[in-house]
Engineer: 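Right, I'll just put the structure down here and ask away after.
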Amino acid sequence: MLKMYTKTIALLGFVLLMSPHSVSAQEVSFNRDIRPLLSDRCFACHGPDAESRESGLRLDQPGGDEGAIGFVIEPGSVADSEMWNRITTDDESEIMPPPDSHLKPLSKQELSLVRRWIESGAEYEGYWAFEPPALPDVPVVKDPSWSEQTIDLHVLKKLESMGRLPAAEADSRTLIRRVTFDLTGLPPTRAEIAQFLDEQQQSPDQAWEQLVDRLLSRPQYGEHVGRYWLDLVRFADSAGMHKDFYRNHVAYRDWVIRSFNANLGYDDFLRYQLAGDLYPHPSQDQLIASGFNRLHLIIDVGTALPEESFSKNVIDRVTSVGTAFMGLTVHCAQCHDHKFDPITQQDFYSLSAFFNNIDAQPETVSGRGPKMGLQPPFISLATPDQRKRIDEFDQAIAQLEELKKLAAEVEAEKELLALSKRLEQGREKFDESIPKAMVMKEREEIRPTFILQRGQYDAPGAEVSRNTPKFFSPLKKSGEVASRLDLAEWFVDPSNPLTARVAVNRFWQQCFGVGLVKTSEDFGNQGDVPSHPELLDYLAVSFRESGWDVKALLKQVVMSKTYRQSSIATPEEFKADAENRLLARGSRYRLDAEMIRDQILATSGLLSDNMYGPSVKPPQPKGLWQAVSMIGERYQPDTGEATHRRSVYTFWKRSMPPPQMTILNAPLRDACIARRERTNTPTQALLLLNEPEYLRAARELAVLTLKQPAGQRLDFVWETVSARLPDKNEKAVLEELLVDLKAKYSANPALANELCQGIEWSAEESTAQQNAEVAAWTILGNVVYNLDITKTKD
Amino acid sequence: MASAETMDSSHNRRRFLTNAGMGLGVAAFANLLASQGFATPAGAASISGGTRGPHFPAKAKRVIFLFMAGAPSQIDLFDYKPDLVKLFKTELPKSVSMGQRVTAMTKGKSQLIAPSKFKFSQQGDSGIWMSELLPHLSGHADELCFIRSMNTNAINHDPGKTSFCTGSEIPGKPSMGAWLSYGIGTMNKDLPDYVVLPSAFWSGKVNVQALYSRLWGSGFLPSKHQGTSFQAVGDPVLFLSNPSGVDAKIRRRMLDSLSELNTKHYSEIGDPEIETTIAQQEMAFRMQTSVPELTDISDETPETLEMYGPDIDKPGSYARNCLLARRMAERDVRFIQLFHRGWDHHSRLPENMLGQCRDVDQPTAALLTDLKQRNLLEDTLVVFAGEFGRTVYGQGNLTVDNYGRDHHPRCFTAWLAGGGVKGGFEYGKTDEFSYNVIEDSVHVRDLHATMMHLLGIDHTRLTFPFQGLQQKLTGVEPSRVVKEIIA
């Protein structure tokens, strides 16, 4: 057992350092200390938005006509700074922020920061996230013995500045489970654990690297890492509005998985999605990737006004680009200039001009919805064989046409007509079996774009042309009119301050549960300040310089000593730094819904390793679709292997996503989500205890367990599910439980029988006894599946 | 063989509690309650601003929101316009329609006036005009507070319902019930704060509009604030029942082992989240009793059941859901939202209206009576509304007895009762065509602000930091509390 209070003294120091009081020891930093205060309390009326600017004063910049310095701030003197008077006065009518804004007055500590900032010269700094990242110096640490890796040096430097030490390395079993989940979304098998432990005997560091390399090369890697991307771009299998028709984005989902597995550079990953259709001779993959632009929600025709739907689709598209690639809330500038970030309404609509020239209907067809869930423009993904077959159909149909012309008799003509009809039907049916992908396509003539006043589709203002936000480095046009491909190049240009930072931050978040910038969807002024700014920049620059190599980045992260720390701590330490922003330990947090389900399937031996293809429908409680549907849709669950596919392939209906996922915080996929929240609720407990498929998996696990020698069964279950071996106390609890359960089920064969439905025993076995045995082990397995350590990554 | 006593004993658990040297059970619950009510929201650290409620004494403790999905016609139910009869099948004056936006369905078509075929009469001491379609509800006229000047921006169902339920047409925002759960927290420890009861069937046979779980979602608020939708078939709460082959004793025995092991792991790992897991597993166990007890109506008197009308026997009916709503109000569920679909009457409105009103009239009246006789109406706010109104001009073939009506966001009627609003009161006016609001406009946002006010919340102060903004239910457009309707 851990000695909980040994670290109390160190912790005390930590708490003091983390509190605002401690800042007096450090210099005031504009970006870290002052800008967030000004943004939060002042920018709404004294910031970038000219419309809402009061008194001709802006505090977001020092100079210019309305700038702060020399206007309300006199560097070096608070007494001469009107701003200081206004934030400290007792006069209700003068005080800032004004009481009716409901913004919190500045606290004593905050005032002290402002005072010291003004007194030390009121230096403004450029906003960190809008300056291109530069490679920081390698940090110098007091104790270099912990690690030579750059990530670790950055982390250690911060720890040392707070008088803290990193935690010890986690034990081997915790480590292999952690990294296997983080790189494949699955738990390690017992064989994989044994192999790793064995290799570790030889050389610990080499064993770790070999393990990481093995995991990165597994196809399950792409399924796992791709899933985060699918949240971000709101991938789903339905339209999301009105009748919520089926919508076929399967090819896009599969492309995401394949791209991560092939380690496509993140720059091309971005280019293809934004503009794959604009390459001179686009490959099939580039076209599929451009389907990114089709993932928005879409309404059916005859409901809204098409112009309104069109405008909503464009805005939805731009919003997703803002969240996914820029990490900015650009959509805030839809109705007015951004209140906190330097993005004007003109910038927003100039950006939207890249996305409003789509050659597609803004609404789906009505009736039963688009055929096969596809709406033009889409492409056929026929294999050469399939293409050949289609050609054969076409040739036969053409030949018949010729014959028809020659046919003299009415009877013969009739027969030929019937034949050609049958052929056409055959062709259609065959064509339906060929996968297709919705893609992006430009209209020939460019649709003009206007600023929409107040964001209203029917209130166009000034015309704008395609451009990137003026605040950032300028767009390079390859032709007379800027194209989406130019935009993509602008995103991956080294001068772009956001793209690499936003990307590495999300990959970091996948491994630690929280990004270095916690608000991974917002790097703007109202976003979170990075916990380790130099580490973020180091990762961003080296990621870009590596050729945007995602696998190399992830490898670098999980190879670090920081990643390999133990997550054990005292309750006080957990409470003091619940999200582990300081990285003084390994991160410990609940697995995502998909990982929890996949873990249950994998450890019970049920998981199918089939990849790709149409989404599948594992069983769910009856009546959920019907309860919301307009068209009486009922959920028709699949059977057999399809019910045991990885969760990334589960059918996602936006109006009613699978409850096994949403109960555990999966988003609805009707908006772009860069990070999921994690709650702990009674409905989650009910799901994990009672979901019939999960209990069935526990029974499969029981059947596997009973094939083990009697003395090794508890070890088998515990290790299979948690990757650890049970200790003496744990075994004692389980043994006691097992005895009680066997007694209970032996006394109540009917109950045991209910759990054992479908198992066939050979004749000589005593069914009742076997049933009781299986039932008891099933419940024991269910208990192990419900342990906190099972649903959590330690 | 073990006896039942050993099965249910908790000595194992105690062993670890003692070893760990802490009274974990109590600690875990305290921790849980704190996390349910007043923990710092994720992301709040860096941004100042809103405080959770209540901000001042509340007039209502809970809400029953009767949402008529599909938008019932205010002209046929509430907004009495006797002079329209004379204008049957005449063109709606352009001076009234003012070239306003219409739906794709009636765009470019002539707008011929369709008077209501239903009779209205004055009811109660207040003399409020009520339609013959609502005979039972008419008996409560003196308790109802009508807002005739409701209006919204959305002209189609999906955005209309989304903005009515979440304050924004754009999906992704938290629903009203989620805001309340977040803002003023729970009043009971065995049931969810926010329960949704969709009718499983309805009479209107045309154009039934979809629902979306986002209508009761938590958006960017922690998901524990999302509505729990009760199902008409199977478990009322998903995965509530023990699966086949597991009975209550086995479940208890499992939970004892689970708690024992989790407690051990807590003592080793130190993460307080493990305590929460233990507490939530126990809460789940309690819900397995409290929810069936809630939905089991066998303890209701025959008089009560009769009052709710013939549909009371059918699980999933609006009538049954009204009764469940009362039972939830008794148990202090904070926000109870019924959804009754089938109101989208683009054609054959009179015929469909009869069925729909038969569905809701008697049960709604019974709910009011029932709440009142149990002294619950005074602190329960009942709200009845659809996502928008319907046009005065007809859609489809127009005869005196048969017509349809298109969507109309520019005015509609909602009523409130109980929970601190004036009874027998009418607020706001529409023009003679029930087309434009001419007095005291109440936008959906204003209704939201007012509802929150009645619950003790200042809508401008209940905020949550997301995407760099202090987000609130009423959004960034101006909105107001309609103080005039408050008793």
Side-chain angles (χ1 to χ4, degrees), chain A residues 1-2 36 40 102-104 241-242 244 302-305 329 340 522 524 526-528 568-571 574 588 621-623 627-630 655-656 659 665 668 670-671 677 679-682 685-687 690-692 695 729-730 733 737 739-740 743-744 751 754-755 779 783 786-789, chain B residues 1-2 6-7 12 42-43 46-49 104-105 156 158 171-172 198 208-214 217 222-224 231 233-234 238-245 247 250 253-254 257-258 260-262 264-265 267-274 276-277 280-281 283-284 287 460-461 467-468:
Chain A
M1 186 184 292
L2 175 85
D40 191 30
H102 298 305
L103 293 165
K104 237 194 269 170
M241 295 182 86
H242 204 242
D244 197 22
T303 53
L305 295 175
T329 56
F340 307 101
D522 185 9
Q526 287 293 90
D528 195 42
I568 293 173
T570 66
F574 273 106
R588 181 180 197 277
K622 283 204 173 75
V628 298
S629 173
M630 250 178 101
S655 61
M656 185 53 74
N665 305 115
L668 301 179
D670 55 8
E677 52 151 346
T679 56
N680 198 343
T681 66
L686 288 170
L687 166 74
N690 295 334
E691 212 280 357
L695 190 69
N729 286 335
E730 287 156 347
V733 175
L737 172 67
V739 169
D740 288 352
K744 176 78 185 167
L751 206 58
E754 284 174 25
L755 274 180
I779 299 306
V783 165
N786 276 277
L787 291 172
D788 188 82
I789 56 164
Chain B
M1 187 176 289
T6 42
M7 290 283 300
N12 296 327
S46 60
I47 303 182
S48 78
M105 289 166 278
N156 280 297
D158 189 309
V208 174
Q209 295 296 330
L211 299 178
Y212 308 86
S213 50
R214 65 169 168 265
S223 66
K224 68 180 168 224
Q231 317 295 315
V233 291
L238 288 177
F239 309 111
L240 181 72
S241 304
N242 289 326
S244 134
D247 65 14
I250 289 176
R253 181 66 186 83
M254 287 171 68
S257 290
L258 261 176
E260 197 173 354
L261 292 165
N262 282 331
K264 172 182 185 288
H265 294 146
S267 73
E268 292 165 349
I269 297 166
D271 185 354
E273 196 62 22
I274 305 177
T276 312
T277 296
Q280 298 297 25
Q281 287 173 342
M283 166 85 169
M287 277 173 69
T460 64
R461 283 162 70 194
Q467 292 194 334

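Since the structure is predicted, the reported quantities are computational estimates derived from the model, not experimental observations. In what follows, chains carry the letters A, B, and so on, assigned in the order in which the sequence lines appear, proteins first and then strands, with residues in each chain numbered from 1.
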Engineer: Is N690(A) in contact with chain B via its backbone, its side chain, both, or neither, using a 4.5 Å heavy-atom distance?
Structural biologist: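 The answer is both parts of N690(A).
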
Engineer: Give, for atom CZ of R253(B) and atom CD1 of I779(A), the distance between the pair rounded to the nearest 0.5 Å.
Structural biologist: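 The CZ atom of R253(B) sits 12.0 Å away from the CD1 atom of I779(A).
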
Engineer: Which heavy-atom pair separates S244(B) from L755(A) by the least distance, and what is that distance?
Structural biologist: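 In terms of heavy atoms, the two residues are closest at O-CD2, 3.6 Å.
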
Engineer: Roughly how far, to the nearest 0.5 Å, is the CG atom of D271(B) from the CD1 atom of I789(A)?
Structural biologist: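 It is 12.5 Å, given to the nearest 0.5 Å.
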
Engineer: What part of L687(A) gets closer than 4.5 Å to chain B, counting heavy atoms only: side chain, backbone, both or neither?
Structural biologist: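 For L687(A), heavy atoms of backbone and side chain both lie under 4.5 Å from chain B.
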
Engineer: Between E730(A) and L261(B), is the side-chain contact (heavy atoms from CB on, under 4.5 Å) condition met? List the steps.
Structural biologist: CA-CA 7 Å; E730(A) 287 156 347; L261(B) 292 165; 3.9 Å; yes

Engineer: Got a second to check how far L668(A)'s CG is from R214(B)'s CZ, nearest 0.5 Å?
Structural biologist: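 Reported value, rounded in 0.5 Å steps: 8.0 Å.
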
Engineer: Identify the heavy atoms of F574(A) and G270(B) that sit nearest to each other, and give their distance.
Structural biologist: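 That closest heavy-atom pairing would be CD1-O, 3.1 Å.
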
Engineer: Which value, rounded to the nearest 0.5 Å, describes the distance between I269(B) atom CD1 and T570(A) atom OG1?
Structural biologist: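 So the CD1 of I269(B) and the OG1 of T570(A) are separated by 13.5 Å.
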
Engineer: If every non-hydrogen atom of I250(B) is compared with every non-hydrogen atom of L751(A), which pair is closest and at what distance?
Structural biologist: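 Distance-wise, the nearest heavy atoms are CD1-CD2, 3.8 Å.
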
Engineer: Relative to chain A, which of L238(B), L240(B), N262(B), N156(B) shows the most heavy atom pairs under 4.5 Å?
Structural biologist: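 Going by pairs under 4.5 Å, I would pick N156(B).
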
Engineer: For Q281(B), is it the side chain, the backbone, both or neither that has a heavy atom under 4.5 Å from a heavy atom of chain A?
Structural biologist: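 When you check distances to chain A, atoms from both the backbone and side chain of Q281(B) fall under 4.5 Å.
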
Engineer: Could you look at L787(A) and say if it's the side chain, the backbone, both or neither that has a heavy atom under 4.5 Å from chain B?
Structural biologist: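 Its backbone and side chain both get close to chain B.
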
Engineer: Which one wins on heavy-atom pair count under 4.5 Å against chain B: A671(A), P692(A), G524(A), A304(A)?
Structural biologist: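 Among the listed options, the one with the most contacts to chain B is A304(A).
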
Engineer: Output the distance between atom CG (N242(B)) and atom CG (L695(A)), rounded to the nearest 0.5 Å.
Structural biologist: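 N242(B) atom CG to L695(A) atom CG measures 10.0 Å (nearest 0.5 Å).
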
Engineer: In terms of heavy-atom proximity below 4.5 Å to chain B, should T303(A) be classed as side chain, backbone, both, or neither?
Structural biologist: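 For T303(A), the contact with chain B is made by backbone and side chain together.
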
Engineer: Counting only heavy atoms closer than 4.5 Å, note whether M287(B) contacts chain A via side chain, backbone, both or neither.
Structural biologist: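 Only the side chain of M287(B) comes within 4.5 Å of chain A.
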
Engineer: Of all the heavy-atom pairs spanning A685(A) and Q280(B), show the shortest one and how long it is.
Structural biologist: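 Minimum heavy-atom contact is CB-O, 3.8 Å.
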
Engineer: Where do F239(B) and E691(A) come nearest, in terms of heavy atoms and distance?
Structural biologist: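 Looking at all heavy atoms of both residues, the shortest contact is CE2-CG, 3.4 Å.
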
Engineer: Which value, rounded to the nearest 0.5 Å, describes the distance between D788(A) atom CG and I274(B) atom CD1?
Structural biologist: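 Output value for this atom pair is 4.5 Å.
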
Engineer: Would you name the heavy atoms of P171(B) and D670(A) that are closest together and state the gap between them?
Structural biologist: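 The pair with the smallest heavy-atom distance is CB-OD2, 3.5 Å.
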
Engineer: With chain A, which of S241(B), G217(B), P198(B) has the greatest number of heavy-atom pairs at distances under 4.5 Å?
Structural biologist: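 Top count of heavy-atom pairs under 4.5 Å with chain A: S241(B).
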
